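Accompanying notes for the structure given below.
Along the sequence shown, the residues carry numbers beginning at 1. These numbers come from a predicted model, not from an experiment.
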Amino acid sequence: MNNLNTDSFIDKYILNNFLDKWQKTVDMMAKLYNVPAGLIMKKDEESLEVLISSKTEGNPYNIKDKMKLFSGLYCEEVINTKNILHIKNALEDERWINNPDLKYNMISYLGIPIKWPDGNIFGTICILDTKEREYSSVYKELIYQFKDIIEGDLRNIIYQYEITEKVNELEKNRQAYEKLIEVMPEANILIKDNKIKSANEAAYKLLAIDKKEDIIGTDMLSIIKYCDNINLNEIIKGVEEKGFVRGVQGSITRLDGDKLYLEFSSTFTEFKGEKYILLIMKDITDKIKSDQIKMQLQKEIETDRLRTEFFSNISHELRTPVNIIYSAVQVIERDYNQKHIDKIGKYNKIIKQNCYRLIRVINNLIDITKIDLGCFKSNLNIHNIVNLIEEITFSVSPYIKLNNMNVVFDTEVEEKYIECDTDLIKRIMLNLLSNAIKYGKSDGNIYINIYDKDSKVDISIKDDGIGIAKNKQNTIFDRFIQEDRSFTRKCEGSGIGLSLVKAFVELQGGTITLESEEGIGSEFTISFPNKEFYKEDSIIEKDILITDIIDKANIEFSDIY
Ligand code: ADP
């Protein structure tokens, strides 16, 4: 116990409680042994102090008497050896010739060390007599009993001391904790049974609350106008279930109407002996706003880059057919002058194909502009989608075969009525089929399948061509994206085809997805909601479809050469 400053503690708090008891013990001990002096000595750095002295006749020792160490005291020997010491008659032993106790004529001694619970020496308990004394083993045993009483009390003292220390420490921690919460820049609210029990300065500031008393005891939600996309009850539930919730972001609208973005974390905490839910709110409004601006800026930069690229593509798309047409016209002119009429037909075909290409690019441009402006009109009616897809497939199969490819059509159902625009379905299918030809391989296959799922109808257009790199698949439906930007592209294209397809699909309430693997092939799946429509409601326009589709196919397939 040397390292503990227990003295003042013992004096002030504990020892007072034991002094009386120890005095009675030592008095009884002196009486039992029939000696003039029974003592409890307490050791400090340099001396031994009389802590208790028996109230017996002829006792020369007084409480608080101090005896210097290294002066040859009996008790000093006990402390050094940490053992019992019995001296029958000191006068018979030269060792004790200078013993200060002899000046009181104390020639016999029986003493043992008293230890702190950690084994360090507290002091001694002893009896002294002016007569020669021989103590039997029973008497020697007895002094151990007295020592045990004192050591038991010392254990209690230390126990009490440690408890007091812990309580003090907890109190200090509690105060520090309270202070910490108060000065924390994050807003903190303590909640119990869904009611606010306390809040720190930052919380009042964050929530723009003037009168602090107003919110104590109120419901958490009453101090907020509304939570835009965050559920405070869910956070509280999360803490109750998991013990903590961390970094949940959301926005709230304060009572004064200001909207804030907050990050919520929450856990249990003990405060003044009670269990609370601590809700920590971090204001991330500035960060979110700057992130949004940054993202917007990046998007604008990207859109700008894509727009520039798009215009250069479009210029190329427009110029190439015009150049070809111009050259063909010149050749026709020359042949006509030279009366080589038979050759004119060939150049006419070239001119026609390039006119289709121009019409395709211009149509796409017009449509995308209309969609952007929100004025694209679709003509939704009930149609048998199986019939429609089959017709389109068979109408274009000569084109597909012309490109040395094979087309396979299969369907799970013969009839499926959905709400759609036949014109848009044709454009979608022709676009996807022209891509399947463009990016398919020679002698490759194109599979068209219709699947009847519970909630939807899936139309799949699958090829076994070059496929699309995984990192490009996310952006493939974005405007102006062309996977292969090199000048050595196999085919021409403006990169708006798929974005237009997606827009057309969505205009009819559908979705489009892609599954593709490089070198294996691509599968585009268009899904439309499976609603209950019947034959009676549908419009049949088979004849129009066939002639119309050939014109459309000429246009959509015009860039395959
Ligand atoms: P484009 O007019 O260039 O064909 P699209 O929007 O139709 O423009 O297609 C965008 C890009 O997606 C194409 O340039 C091509 O790289 C890729 N792509 C589209 N369909 C397929 C497919 N079936 N197989 C492989 N790549 C494809």
Side-chain angles (χ1 to χ4, degrees), residues 359-360 363-364 366-368 370-371 374-400 407-437 446-463 477 496-514 523-557:
I359 294 168
R360 179 178 186 255
N363 276 353
N364 283 352
I366 292 170
D367 288 343
I368 212 107
K370 276 189 186 164
I371 288 170
C375 60
F376 189 95
K377 292 253 175 324
S378 58
N379 184 17
L380 295 178
N381 278 303
I382 318 295
H383 297 280
N384 179 1
I385 187 72
V386 182
N387 200 24
L388 198 55
I389 301 293
E390 196 173 4
E391 288 294 330
I392 296 169
T393 309
F394 283 108
S395 317
V396 298
S397 64
Y399 289 88
I400 298 174
V407 61
V408 185
F409 173 82
D410 199 7
T411 175
E412 282 184 351
V413 274
E414 288 309 317
E415 279 189 344
K416 196 85 226 173
Y417 290 91
I418 65 160
E419 195 176 36
C420 62
D421 178 332
T422 50
D423 233 36
L424 295 185
I425 296 285
K426 281 179 233 163
R427 295 277 301 275
I428 292 165
M429 286 303 291
L430 292 175
N431 207 310
L432 293 177
L433 286 170
S434 85
N435 276 348
I437 299 170
I446 300 172
Y447 304 93
I448 297 164
N449 279 293
I450 302 176
Y451 302 103
D452 185 15
K453 304 265 172 76
D454 279 349
S455 59
K456 56 188 181 134
V457 187
D458 283 352
I459 302 148
S460 140
I461 297 94
K462 189 173 165 184
D463 64 61
F477 296 107
I496 47 174
L498 283 180
S499 72
L500 205 55
V501 164
K502 185 168 184 264
F504 286 159
V505 172
E506 286 169 356
L507 275 171
Q508 300 169 92
T511 55
I512 182 163
T513 53
L514 162 69
E523 180 176 15
F524 288 88
T525 306
I526 312 158
S527 308
F528 290 107
N530 212 348
K531 291 188 198 152
E532 290 281 304
F533 294 116
Y534 301 99
K535 206 173 186 166
E536 301 81 69
D537 306 321
S538 70
I539 293 172
I540 298 153
E541 43 178 356
K542 213 169 169 180
D543 293 342
I544 311 166
L545 182 77
I546 307 275
T547 45
D548 177 48
I549 195 112
I550 292 174
D551 281 346
K552 285 205 159 53
N554 279 328
I555 295 169
E556 288 297 342
F557 290 0

| message | When you measure from the side chain of Glu412 to the backbone of Asp452, do you find a donor-acceptor pair of N or O atoms at a distance under 3.5 Å? | response |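 Yes; at least one donor-acceptor contact below 3.5 Å.
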
Where [X] and [Y] come nearest, the two heavy atoms and their spacing:
| X | Y | result |
| --- | --- | --- |
| Ile446 | Ala436 | CD1-CB, 3.8 Å |
| Lys456 | Asn530 | N-CB, 3.4 Å |
| Leu433 | Val396 | CD1-CG2, 3.6 Å |
| Gln508 | Phe504 | NE2-O, 3.1 Å |
| Pro529 | Gly509 | CD-O, 3.4 Å |
| Asn554 | Tyr399 | OD1-OH, 2.6 Å |

Do [X] and [Y] have side chains that approach each other closer than 4.5 Å (heavy atoms only, starting at C-beta)?
| X | Y | result |
| --- | --- | --- |
| Asn435 | Phe524 | no |
| Arg360 | Ile555 | yes |
| Phe477 | Ser499 | no |
| Ile461 | Ile526 | yes |
| Ser378 | Asp423 | no |
| Thr511 | Glu506 | no |
| Tyr451 | Thr525 | no |
| Met429 | Ile425 | yes |

Could you measure the distance from the [atom1] atom of [X] to the [atom2] atom of [Y]? Nearest 0.5 Å is fine.
| X | Y | atom1 | atom2 | value |
| --- | --- | --- | --- | --- |
| Ile448 | Ile459 | CD1 | CD1 | 10.5 Å |
| Leu380 | Leu507 | CG | CG | 8.0 Å |
| Ile366 | Lys370 | CD1 | NZ | 6.5 Å |
| Ile428 | Leu500 | CD1 | CG | 9.0 Å |
| Ile392 | Ile385 | CD1 | CD1 | 7.0 Å |
| Leu388 | Cys420 | CG | SG | 6.0 Å |

| said: Run Ile400 and Ile437 through side chain to side chain contact (heavy atoms under 4.5 Å, CB included) and show every step you take. | reply: CA-CA 7 Å; Ile400 298 174; Ile437 299 170; 3.8 Å; yes

| message | Is it the case that the side chains of Ser460 and Asn449 hold a donor-acceptor pair, with the cut-off being a distance below 3.5 Å and no angle test? | response |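 Ser460 and Asn449 do not have a side-chain donor-acceptor pair below 3.5 Å.
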
| query | Only one of Asn364, Asp421, Asn363 clears side-chain hydrogen bond (donor to acceptor under 3.5 Å, both in side chains) with Arg427; which? | reply |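 Single pass found, and it is Asn364.
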
| Are more than 12 heavy atoms from other residues, nucleotides or ligands located less than 6.0 Å from atom NZ of Lys416? |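 Yes.
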
| message | Taking the ring of Phe409 and the ring of Tyr447, is the distance between their centroids below 6.0 Å? | response |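 Distance test on ring centres: not under 6.0 Å, no.
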
